[in-house]
Amino acid sequence: ATRFDVDRVREDFPILNRQVHGKPLVYLDSAASAQKPTVVIEAVAACYREDYANIHRGVHMLSEHLTTQYEAVREEVRSFLNAASEKEIVFTRGATEGVNLVASSFVRPRLRAGDEIIVTGMEHHSNIVPWQMLGEETGAVLKVVPVQDDGSIRLEDFEALLSERTRFVSVVHVSNALGTINPVREMIALAHERDVPVLLDGAQAVPHMSVDVQALDCDFYVFSGHKIYGPSGVGALYGKSRWLKEMPPYHGGGDMIRSVSFEKTEYADPPQRFEAGTPNICGVIGMGVAIRYLRSLGLEAVAAHEHDLLVYATERLSQIPGLRLLGTAPEKAGVVSFIMDCAHPHDIGTILDRSGIAIRAGHHCAQPVMQRFQVPATARASFGLYNTRAEVDKLVEALEKVRKLFA
Ligand SMILES: Cc1ncc(COP(=O)(O)O)c(CN[C@@H]2CONC2=O)c1O
C-alpha cells in the first residue's frame, strides 16, 4: 500500500491548525464525529452560494442541476458499499434514523408477542432503544449476546441465542466504546441458515475499512455522514431490494408518493418511498464529496495508518501504571477506551482538554458496556485519518500529568 502522507493530508483539515486553551488542538474524538476537509466545507458552501434550489420537482435549471448532483450521490454511496443497485440506498439523517426506519417498516409488521430480536452487549443506544420501543408495543423480547472480558463476542454464544422465535438480528459492525470488530460475516451466515434477516450498524466501521454489503450479504446496513468526514444530519441506509419493495413508508409527506387523493394515495417505489419531505440537500452533496475524498486516499491506506496508531497508542498506554484498557480484542478499529485508578474519566477529559487534547469521557451511548465492565464511564481516544504518532505521544504526556496530579 502507498505510504500514507499524514502531514500532507492534515493540510486538508483547516480546523487542525487551531488552538484550544492556547495550545495546538489534538483531536482524538473522531468516533464522536470526524473533522471536515476543505473540499467538503467548500462543496456545502457552494451548494448554498451558487447552486441552491429545491430538488425533484422544479422545472428550472437550478432545480434540475441540483437534483442531478443530489441523485449522483446515491450512486456514490452504492459504489462505496458495493450495493447491487442504487435503488437499495435510502438517504437518512444518520445511523439512528436508519435503525428506526428498519425497526418501524420492516421488523414491526413481522413481530408477534414472544418473538425475539438478537443484539450484542456492546450496542450503541441507537441499536438498543428502537428495539425496546418495539418490544413495548408488540411483546417481542431482546436477546443479548454476552461480551467477553476482552470486549469480543463468541460465535457459539450468538448461535446459541438463535431460536425458532428469532425474527431479526441487529448488531454493531465495530463498537464505538470498545473498538471491537465483530465477526459479522459468520453471524450473518448463521442467521441466514435460519432465514433470519440481519441489520449491521456500520457507523464506526465505514470510516475505518472497506465495506462490501454483497460480500457480507447483510440485509440492511446503516451509517452516518458525520463520521466519514461529511456533514452531520445525513447518512444512508442500505437495504436489499427484496425487502425495501415490501416495506410500507416510514414517514408520510411529499416526494414519497406517486399520487395523492383523499380517496387513495399511491406511494413511490423505494428508495423515494422512504424519503419524505425536503431532504438535507447540501448535506447529501457534502457527504458525496466526503466519500469521494476518503476513497481518493484509499481505504486500505487509511486503515493501515489508523491501525498503526491504534497499536502504537495501545502499547504506550499499557505502560502507564494504574491505567486499564477496555476493549483488547484481537480485531479492533478506531478507538482506545481506558480508565485510570487515580482519576475519574471526566477528570481525565477535563485535564486533557486544558492541554488542547479532545477525547470523549462518559458512557459513549453504550451504558450496557459500562455495566458489563462495572465502570461508571471510560475515557476514549479515537482516531481519524489525520491523527499522528506525535499526537499519541502528547496524549501519553498529558496522562502522565494526570497521574502526577491525582496520584
Ligand atoms: C456504533 C454507533 N452506532 C450508532 C451511532 C449513532 O450515530 P448518529 O448519532 O449519527 O445517528 C453511533 C454514534 N457514535 C456516538 C456519537 O458520539 N460518540 C459516539 O461514539 C455509533 O458510534
Side-chain angles (χ1 to χ4, degrees), residues 27-36 77 90-104 119-133 145 147 151-153 169-182 184 187 198-209 211 218 220-238 250 279-280 283-284 286-287 290-291 306 326-327 329 331-338 345-346 349 358-370 377-384:
Y27 188 76
L28 297 174
D29 197 23
S30 297
S33 200
Q35 295 299 352
K36 316 309 171 190
V77 175
V90 178
F91 290 128
T92 62
R93 287 184 305 120
T96 301
E97 185 175 55
V99 176
N100 280 276
L101 194 162
V102 172
S104 166
V119 296
T120 73
M122 66 179 91
E123 299 305 326
H124 183 277
H125 294 166
S126 61
N127 197 31
I128 298 173
V129 178
W131 307 116
Q132 293 173 314
M133 290 161 66
V145 185
V147 176
S152 66
I153 58 169
V169 170
S170 193
V171 294
V172 68
H173 192 169
V174 175
S175 161
N176 67 313
L178 300 168
T180 308
I181 300 174
N182 283 317
V184 292
M187 295 168 84
V198 181
L199 177 148
L200 295 184
D201 167 4
Q204 296 292 350
V206 289
H208 304 299
M209 62 181 71
V211 170
C218 55
F220 299 97
Y221 199 93
V222 300
F223 71 84
S224 299
H226 68 93
K227 301 208 196 266
I228 46 169
Y229 312 96
S232 53
V234 65
L237 158 69
Y238 158 77
Y250 176 49
N280 181 354
V284 164
M287 180 169 73
I291 290 173
E306 291 178 350
L326 282 94
E331 295 293 313
K332 274 190 71 178
V335 311
V336 184
S337 268
F338 59 95
H346 287 115
I359 66 165
R360 180 59 54 105
H363 53 63
H364 315 293
C365 299
Q367 283 176 287
V369 170
M370 304 303 134
T378 72
R380 181 190 71 184
S382 55
F383 300 107

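Quantities reported herein were computed from a predicted structural model and do not represent experimental measurements. Order of appearance sets the numbers: ligands from 1, and atoms from 1 within every ligand.
Looking only at distances, a side-chain donor or acceptor of D201 sits under 3.5 Å from a matching main-chain atom of A203.
Contact record, S126 with V99: O-CG1, 3.4 Å, taken as the closest heavy-atom pair. A pairwise comparison of heavy atoms in V77 and F91 identifies CG2-CE2, 4.3 Å as the closest pair. Contact record, G121 with P368: O-CB, 4.0 Å, taken as the closest heavy-atom pair. When every heavy atom of A177 is checked against every heavy atom of H364, the shortest pair comes out as CB-CB, 4.5 Å.
Closest to atom 11 (O) of ligand 1, if we only count protein heavy atoms, is T96 OG1, 2.6 Å. Protein heavy atom at the shortest distance from atom 21 (C) of ligand 1 is H124 CD2, 3.4 Å. Summary of contacts: the protein heavy atom closest to atom 22 (O) of ligand 1 is Q204 NE2, 2.8 Å.
Of the N or O atoms in E97, none lie within a sub-3.5 Å distance of an N or O in ligand 1.
Between F223 and L237, every side-chain heavy-atom pair lies at or beyond the 4.5 Å cut-off. In this structure, the side chains of T180 and V174 stay at 4.5 Å or more apart for every pair of heavy atoms. Using a 4.5 Å heavy-atom threshold, the side chains of R380 and N176 count as touching.
Under 4.0 angstrom from ligand 1, the non-hydrogen atoms of D201 all belong to its side chain. Of all the heavy atoms of N127, none lies under 4.0 Å from any atom of ligand 1, so neither backbone nor side chain is involved.
The distance from ligand 1 to the heavy atoms of A31 drops below 4.0 Å at these ligand atoms: 14 (N), 19 (C), 20 (O). Numbered from 1 in the order shown, with element, the atoms of ligand 1 that lie under 4.0 Å from a heavy atom of N176 read 19 (C), 20 (O), 22 (O). Atoms of ligand 1 found under 4.0 Å from any heavy atom of A203 (numbered from 1 in listed order, with element): 2 (C), 3 (N), 4 (C), 21 (C). Residue contact check: H226 has heavy atoms under 4.0 Å from atoms 8 (P), 10 (O) of ligand 1. Close approach of ligand 1 to V172 (heavy-atom distance below 4.0 Å) involves ligand atoms 1 (C).
The closest approach between a heavy atom of S126 and any atom of ligand 1 is below 4.0 Å. Ligand 1 lies within reach of R380, whose nearest heavy atom is under 4.0 Å from it.
The aromatic ring centroids of H363 and H125 lie less than 6.0 Å from each other.
When each of M122, H124, Q204 is checked for a side-chain contact (heavy atoms from CB on, under 4.5 Å) with V172, only M122 meets the rule.
For atom 8 (P) of ligand 1, the choice among G94, S232, S224 with the nearest heavy atom turns out to be S224. The closest non-hydrogen atom to atom 16 (C) of ligand 1, taken over H364, R360, K227, comes from K227.
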